Amino acid sequence: MSSSHIAVLLKESRHYKPSAFFQKKAHIRGLGALKAMMRRAAKNPERFWADAAQQLEWIKPWKRVLDWQPPFARWFVGGKLNVSVNCLDRHLSGPRRNKAAIIWEGEPGEVRTLTYQQLYYEVCRFANALKSLGVDKGDCVALYMPMVPEAAVAMLACARIGAVHNVVFAGFSAEALGDRINDAQARFVVTADGSYRRGAVLKLKSAVDEALKSCPTVQKVVVLRRAANEVSWTDGRDVWWHDAVANVPGECHPESLDSEHPLFILYTSGSTGKPKGVLHTTGGYLTQVALTAKWVFDLQEEDIFWCTADVGWVTGHSYVVYGPLANGATTFLYEGGPLHPEPDRLWSIVERHRVNVFYTAPTAIRTFMRMGEEWPRRHDLSSLRLLGTVGESINPEAWMWYQRVIGGGRCPIVDTWWQTETGAIMITPLPGATVTKPGSATMPFPGISADVVDKHGKSVPPGSGGFLVITKPWPAMLRTLYGDPKRYEAQYFSQIRGNYFTGDGARKDKDGYFWLLGRIDDVVNVSGHRLSTMEIESALVSHPAVAEAAVVGRPDEIHGQAIAAFVTLVGKRSPSPELKEELRLHVAKAIGSIAKPAEIRFSASLPKTRSGKIMRRLLREVASGKQVQGDVTTLEDFSVIAKLQSQEE
Ligand code: PRX
């Protein structure tokens, strides 16, 4: 983290109180009420979370709120419930029955609305279809789906019968999909023929076909017809969605599931080795996701809530599907590219559907800033009453632009910090209560204990940088890394004793506000998505021309960070622009286009210590165009740096 970045944040002194107008209806009103609740929750977090869990419908009550055998937690021990019942059935007995649960717009422009009753019917039918294909409680079902209502239907259908879903972002490549299917030992895959993205059809089924060449566990593939593109077919394995649901009943008895029954596995990048299968369970996850959705987004009965995340990321799980539906809210889904056919697509959607609460990533906001105010100005955005961000720190300029241009100066902004592992929002303003400061995620949600500490676990004084840790278990925390409890412990609980280690740097100011300072491990955050530099390096090295590769992040105005790769070639190959392009495509094929290096520099050798460790810190400085500073005494051959620096792209 550069010191100039910290200095800029220190200068930030603007702050914004929630307007009286917003407060009037808000679930949590006024700073006094919030502070009192935070104090109560801090005194007895288990009671606070037990009260929150009472808001759900339980088939059998729990016996114990928390069983904490560090680093393993069980929440609401002995309780039984079903997530799909909480998201659907319980809304059917009152006026929500015919309320829109999902409003969807496809990229070509078609619109579909599913009421709670209709969504319930679709979920039950698909759950029955999965059962008749042989899916049992505890089986893993991989979903490789476009942003269509059926993605949510498939997730909820799994939850209904106790199957564990493993959603793989449809932008990931066949290879990445295959790895995730194999690691989770999925026996079933649900996909679509294709999906519309930036005017083209993304061929999902052919990626699945390619992946399954190396996935022996998969028995059945359900294929939704979405884009009507041609697909190849494997008889006996492949089934059309519409055939699978053709003759099944519209009711499906929900499984009574233990509070700790697995709900999903979601892969995320770590700093070393293969992606980590983050495992989330049922009762605790839903409790925190439902409460944070309600309070942070201040969901009101008549709201349309639009979280722009794809269901392939945790944000899509928690705040497109489970959080809003558990609250009986209307959740909006959009299939396609945000700039298609013009850069005002999202604003046109807000205007036509009268979206009230809008939640997106800082990288998207920066993109819109660059496109110019005229695009949002073409639309009536007066339906918006609350804005949110997630994925990385939002620079104060982007925050101010978001507030002024999109929020018309009247909408509070909630900058929410959390992770795939935390399952739900952890540090955030509550919009009717918190005084916000542009660029700060403000304070922990009630019932969450976070701190900024040094490497011995000691709190650092206000204003100093340190490691962000969570000091007590929380209901939506990951329970383990699938199939690898040792890695779970090593990754999260062994680095700073007694605490959950987030991998993020942070500082607290004198008011107790948290300012996030980015990752401190070998992870790059591109457009709010975490990518492991290790994985990109392995992808590069798997190309026959590459001898060695080192990947680092460098600051990027739009994407937060961009990927810079330093590559040495095998003897016979020489650098060329064509080879650069070939290597970029090679990474896209191995991981997905999101991981394509923005920049590749060739070098005869990489800067190493005498013991052979690549000095990434130096590469980070080279990649960001800075003078190489600090200690270089351990560097074996300093001329390497000079050569790399002379190669500007
Ligand atoms: O570095 C933090 C950053 O995103 C990481 C989590 O990434 P992922 O698991 O992919 O989940 C993203 C969406 C929940 C964090 O470790 N991050 C997320 N939100 C913020 C953030 N950094 C600063 N401010 C945020 N609001």
Side-chain angles (χ1 to χ4, degrees), residues 1 5 9 167 169 171-172 264-271 275-278 280 285 288-289 292-293 296 307-320 322-323 359-366 387-396 398-399 402 413-429 434 436-445 450 452 465 467-470 476-478 481 491-492 500-507 513-532 535 553 559-561 592 594-595:
M1 192 53 42
H5 183 55
L9 294 179
V167 184
F169 172 52
F172 278 134
F264 65 85
I265 300 169
L266 183 61
Y267 283 85
T268 187
S269 299
S271 52
K276 303 178 290 193
V278 168
H280 283 289
Y285 172 80
Q288 191 178 336
V289 159
T292 49
V296 176
C307 163
T308 64
D310 190 281
V311 285
W313 307 110
V314 73
T315 313
H317 287 59
S318 300
Y319 300 107
V320 173
Y322 293 119
Y359 185 39
T360 196
T363 180
I365 298 164
R366 290 192 298 265
L387 303 173
T389 70
V390 59
E392 59 180 304
S393 293
I394 176 164
N395 12 357
W399 196 102
Y402 196 32
I413 295 181
V414 286
D415 171 355
T416 64
W417 178 90
W418 59 296
Q419 310 178 295
T420 306
E421 291 87 343
T422 69
I425 292 170
M426 303 288 281
I427 303 181
T428 179
T434 312
T436 52
K437 303 184 188 183
S440 169
T442 75
M443 282 178 290
F445 191 83
V452 179
F467 305 114
L468 177 67
V469 293
I470 311 295
M477 69 189 281
L478 79 167
L481 292 176
Q491 179 82 35
Y492 304 109
Y500 167 84
F501 175 57
T502 63
D504 281 352
R507 69 178 177 85
Y513 278 47
F514 286 72
W515 298 79
L516 274 299
L517 302 175
R519 302 288 303 182
I520 53 155
D521 52 16
D522 287 332
V523 167
V524 277
N525 188 328
V526 180
S527 300
H529 300 306
R530 251 199 286 175
L531 298 166
S532 148
E535 256 181 285
H559 304 290
Q561 282 191 301
I594 190 168

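When reading the values below, keep in mind they use all heavy atoms of this one structure, side chains included, and skip hydrogens, waters and symmetry mates. Computed from a predicted structure; not experimentally measured. Both ligands and their constituent atoms are indexed starting at 1 by order of listing.
- Between F264 and Y322, the ring-plane angle classifies as parallel under the 30° and 60° cut-offs.
- Applying the salt bridge (charged side-chain N to carboxylate O under 4.0 Å, His left out) test to D310 and every residue at least two apart in sequence or in another chain returns nothing.
- With sequence neighbours left out, P429 forms a side chain to side chain contact (heavy atoms under 4.5 Å, CB included) with V414, T434, T436, T442.
- A donor atom on one side chain and an acceptor atom on the other are found under 3.5 Å apart for Y359 and T416.
- Using a distance-only test at 3.5 Å, with no hydrogens or angles considered, a donor-acceptor pair links the side chain of Y402 to the main chain of G388.
- Ligand 1 is surrounded by V314, T315, V390, G391, E392, S393, D415, T416, W417, W418, Q419, T420, D504, L516, R519, N525, R530, each with at least one heavy atom closer than 4.0 Å.
- Shown here are the side-chain hydrogen bond (donor to acceptor under 3.5 Å, both in side chains) partners of E392, two or more places apart in sequence or in another chain: R366.
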